[in-house]
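In what follows, a single structure is set out as structure tokens and then discussed.
What's counted below: heavy atoms across the whole structure, side chains too, no hydrogens, waters or symmetry copies.
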Amino acid sequence: MHISTKCSIAIHCLIFINEYGDVKRVTSELLSLTTGCNPVTIRSILSALKKENILTVKSGTGGAKINCPLKDINLYRVYTAVEPNALEKLIGIHSMPSPFCPVGKNIHTILDKQYAKIRNELKTSLGSITLKDIIEDYHTTI
């Protein structure tokens, strides 16, 4: 099982934009330097956050701003913005179990129900953590 780093990169960008967006133009190149990621990756993440209406990004010269209250941005919203099908892909079920095996012919039904519980718990957990909480943690850490 693997969860990509796109969500943590997006959160890093959002914290940086929140902290420095009013005093400097935050571009994909600047975010690339602060995150250690390729600017193309950053632009892809910013585009996804813009589609989700979390950010406003000026075309051309650049400059990103957070578009809504921090309390309205939770980890689930960011996660699904940058990884739209991630929860469905989180835990896979092997595709070709034997239909002649008593376990094989029922494994999808059994695991689908249990894996749905895990996805729902993760969704609830991610939804309970807001960008406001994360930025408060950042301020107590620095």
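To the nearest 0.5 Å, atoms CG (L90) and CG (N85) are separated by 12.5 Å. The line from NZ of K6 to CD of E83 is 5.0 Å long, rounded to the nearest 0.5 Å. Between I17 atom CD1 and I66 atom CD1 the span is 6.0 Å, to the nearest 0.5 Å. In this structure, CD in E88 is found 10.0 Å from OG1 in T80, a value given to the nearest 0.5 Å. Taking OH of Y79 as the start and CD1 of I11 as the end, the distance is 12.5 Å to the nearest 0.5 Å. Note that SG of C7 and CD1 of I45 are 9.0 Å apart. Values are rounded to the nearest 0.5 Å.
In this structure, Y76 and T124 have side chains that are not in contact, with every pair of non-hydrogen atoms separated by 4.5 Å or more. At least one side-chain heavy atom of H94 sits under 4.5 Å from a side-chain heavy atom of I107. At least one side-chain heavy atom of H108 sits under 4.5 Å from a side-chain heavy atom of P97. With a 4.5 Å cut-off on side-chain heavy atoms, S128 and K123 do not count as touching. Proximity of Y138 to E19: side-chain heavy atoms (C-beta onward) are separated by under 4.5 Å at one or more points.
For the 3.5 Å distance criterion, the side chains of T140 and D137 fail to qualify, holding no donor opposite an acceptor. T130 and N74 share no donor-acceptor pair across their side chains, judged by distance under 3.5 Å alone.
Contact check on K65 versus D22 returns a salt bridge, with a Lys/Arg side-chain nitrogen under 4.0 Å from an Asp/Glu carboxylate oxygen.
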Identify all side-chain donor-acceptor contacts of residues 30-44 below 3.5 Å with residues at least two apart in sequence or on another chain.
residue	atom	partner	partner atom	Å
S32	OG	C37	O	2.3
T34	OG1	H12	NE2	3.1
T35	OG1	L31	O	2.8
T35	OG1	C37	N	3.2
N38	OD1	V40	N	2.7
R43	NH1	S28	OG	2.9
R43	NH1	E29	OE2	3.3

Please tabulate, for side-chain N and O atoms in residues 109-122, each donor-acceptor pair with protein atoms closer than 3.5 Å (sequence neighbours left out).
residue	atom	partner	partner atom	Å
Q114	OE1	K117	NZ	3.4
N120	ND2	A116	O	3.3

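Linking ILVMFWY residues whenever their side-chain heavy atoms come closer than 4.5 Å, directly or via other members, places V23 and I135 in the same cluster. When hydrophobic clusters are built by joining Ile, Leu, Val, Met, Phe, Trp and Tyr residues whose side-chain heavy atoms come closer than 4.5 Å, directly or via intermediates, I142 is grouped together with Y20.
For the pair H139 (side chain) and I134 (backbone), a donor-acceptor distance under 3.5 Å is absent.
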>> The test is side chain to side chain contact (heavy atoms under 4.5 Å, CB included); show your working for E52 and L49 and say whether it passes.
In response: CA-CA 5 Å; E52 179 58 31; L49 295 173; 5.6 Å; no
> Checking side chain to side chain contact (heavy atoms under 4.5 Å, CB included) for the pair N67/L55: CA distance, chi angles, key distance, verdict?
Replying inline: CA-CA 5 Å; N67 207 29; L55 287 181; 5.5 Å; no
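In this structure, G21 and V26 approach most closely via the heavy-atom pair CA-CG2, 3.7 Å. Considering every non-hydrogen atom in both V82 and A10, the closest pair reads CG1-CB, 4.0 Å. The heavy-atom pair separating T5 from S8 by the smallest distance is O-OG, 2.9 Å. Pairing each heavy atom of G63 with each of R25, the nearest pair is CA-CG, 3.7 Å.
Checked against I54 for a side-chain contact (heavy atoms from CB on, under 4.5 Å), the options L131, I73, D72 give a single hit: I73.
Among residues two or more places apart in sequence or in another chain, the side chain to side chain donor-acceptor pair (under 3.5 Å) test is passed with K50 by none.
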